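Working notes, beginning with the structure itself.
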Amino acid sequence: MASIAELKKDFQKLIKGGNLAQGYIFFGHESAAEQMVFARELANFFERKEQGRVLSDALFLDANDGDGGIDTVRAASRFLWQRPVFSPKRFLVIAAADRLTLPAQNAILKISEEPPAHALIILMVKDPEVLLPAVVSRFQKIFVCGDAGVQKLNTELAQKFLKAGGARRKELLKDLMEEIKESRNDRKLEELVTGLIVELRKDKIKNHRAIKELLSRWSLIRQFNVNKKLQLEVALNLL
């Protein structure tokens with residue numbers, strides 16, 4: 001998990017060390033706008049070393065605005081293969097990448113398998129598990145919270161879940177589901193899942209299976225009419 005401020009520091013180190021990957025997936029629930037601001041700042045840094053200039057070597061797409069089709073991605077591929085004019089990198093940034101069509105995702109996969117040496121691709125999604133697994137495997141994943149979001153995240157319930165045993169977790173989850181049913185608002189559930197991801201990512205190596213399963217189950221919950229309590233129990237059983 002990283003705030004935007006932490007992300008800037010991390011990328012400054014990566015840039016200075018020449019250790020940038022060629023593709024990243026930024027994911028998180030409430031920070032898409034801040035992620036895009038950061039991506040623009042990063043492109044500005046490479047190309048102009050300042051803010052507010054028109055960028056020649058960066059292409060910003062938004063799948064929410066009709067940029068999610070294969071023709072758009074093919075055009076983006078041609079853009080990436082052109083040599084940069086002012087920057088050492090050519091940037092492709094796609095917001096709401098979870099809205100890309102399957103043919104478009106396959107086109108992204110093809111680019112990521114044999115990318116130009118000067119290319120850097122950033123995909124922005126809420127949950128990476130909604131993308132094709134092959135696409136996800138080609139990118140480094142970074143869970144991002146906005147600076148304000150980090151302070152507001154309610155991790156108290158998540159920490160209580162992680163400290164509790166199996167039987168107690170089921171009780172807590174049952175109480176939470178009853179509260180959600182009465183309020184008719186899933187916000188508390190989203191806070192729990194986000195808080196759990198934040199806590200689990202403090203030890204990504206130890207908890208990688210649980211994180212992957214939790215993201216997968218949360219994706220199912222958001223997309224389909226499934227038993228939410230059961231889905232979360234399965235994920236929590238890996239802890």
Side-chain angles (χ1 to χ4, degrees), residues 1-11 24-35 38 96-98 123-131 133 136-137 139-239:
M1 182 273 294
S3 69
I4 297 298
E6 291 169 334
L7 201 59
K8 290 178 180 179
K9 292 180 181 178
D10 290 342
F11 269 79
Y24 294 92
I25 293 176
F26 292 170
F27 69 102
H29 297 290
E30 298 180 11
S31 51
E34 289 176 277
Q35 290 176 27
F38 169 72
D98 47 329
L123 306 180
M124 299 179 179
V125 298
K126 288 188 175 181
D127 297 309
E129 298 301 322
V130 302
L131 297 171
V136 176
S137 69
F139 289 77
Q140 289 194 21
K141 296 176 288 296
I142 300 178
F143 182 77
V144 183
C145 284
D147 296 328
V150 171
Q151 298 173 6
K152 293 179 181 178
L153 274 175
N154 181 9
T155 58
E156 184 176 331
L157 184 58
Q159 291 170 351
K160 187 183 295 186
F161 263 82
L162 293 175
K163 291 178 181 178
R168 178 56 181 155
R169 284 179 186 163
K170 289 183 179 180
E171 292 178 6
L172 291 170
L173 197 54
K174 180 181 178 181
D175 292 342
L176 179 63
M177 290 304 170
E178 290 178 355
E179 180 181 339
I180 290 171
K181 185 177 180 180
E182 291 178 3
S183 65
R184 297 182 180 180
N185 189 337
D186 282 351
R187 179 68 178 177
K188 197 73 174 180
L189 185 61
E190 183 170 337
E191 288 180 359
L192 169 63
V193 174
T194 305
L196 285 171
I197 293 172
V198 169
E199 292 299 308
L200 292 173
R201 286 184 67 85
K202 291 177 180 178
D203 191 342
K204 292 182 287 187
I205 296 177
K206 176 183 176 182
N207 299 319
H208 73 280
R209 287 183 63 235
I211 294 169
K212 182 178 180 180
E213 189 67 27
L214 185 59
L215 287 170
S216 177
R217 298 289 171 173
W218 180 238
S219 179
L220 286 174
I221 289 171
R222 292 178 63 245
Q223 294 183 69
F224 304 105
N225 184 21
V226 295
N227 186 316
K228 300 174 183 177
K229 180 174 178 291
L230 179 61
Q231 295 296 326
L232 288 180
E233 283 180 351
V234 172
L236 292 171
N237 281 338
L238 290 177
L239 300 175

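All residue numbers refer to positions in the sequence shown, counting from 1. Just so you know, these numbers come straight off a predicted model, no measurement behind them.
Considering every non-hydrogen atom in both A97 and V125, the closest pair reads CB-CG1, 3.7 Å.
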For the pair L196 and I211, evaluate side chain to side chain contact (heavy atoms under 4.5 Å, CB included) and give the outcome as yes or no after the intermediate values.
CA-CA 9 Å; L196 285 171; I211 294 169; over 6 Å; no

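We find the CD-CD distance between E199 and Q159 to be 4.5 Å, quoted to the nearest 0.5 Å. In this structure, R217 CZ and E233 CD are separated by 11.0 Å, a value rounded to the nearest 0.5 Å. For the atom pair CG of L176 and NZ of K160, the computed distance is 10.5 Å after rounding to the nearest 0.5 Å. Separation of atoms CG (L131) and NZ (K141) is listed at 10.0 Å; rounding is to 0.5 Å. Between the CD atom in E213 and the CG atom in N207 there is a gap of 13.5 Å [rounded to 0.5 Å]. In this structure, CG on L192 lies 6.5 Å from CG on L232, to the nearest 0.5 angstrom.
F161 places a side-chain heavy atom less than 4.5 Å from the side chain of L173. You'll find the side chain of I25 stays beyond 4.5 Å of the side chain of Q140, heavy atoms only.
Of the options V130, L123, D127, a side chain to side chain contact (heavy atoms under 4.5 Å, CB included) to D98 is made by V130 and by none of the others.
Applying the salt bridge (charged side-chain N to carboxylate O under 4.0 Å, His left out) test to K228 and every residue at least two apart in sequence or in another chain returns D186. F11 meets the ring-ring contact (aromatic ring centres under 6.0 Å, His included) test with Y24, F38; sequence neighbours excluded. By the salt bridge (charged side-chain N to carboxylate O under 4.0 Å, His left out) test, R209 is found to be paired with no residue, residues two or more places apart in sequence or in another chain being considered.
Using a 4.0 Å cut-off between charged side-chain N and carboxylate O, R168 and E171 make a salt bridge.
Within a 6.0 Å radius of NZ in K170, no more than 12 heavy atoms belonging to other residues, nucleotides or ligands are found.
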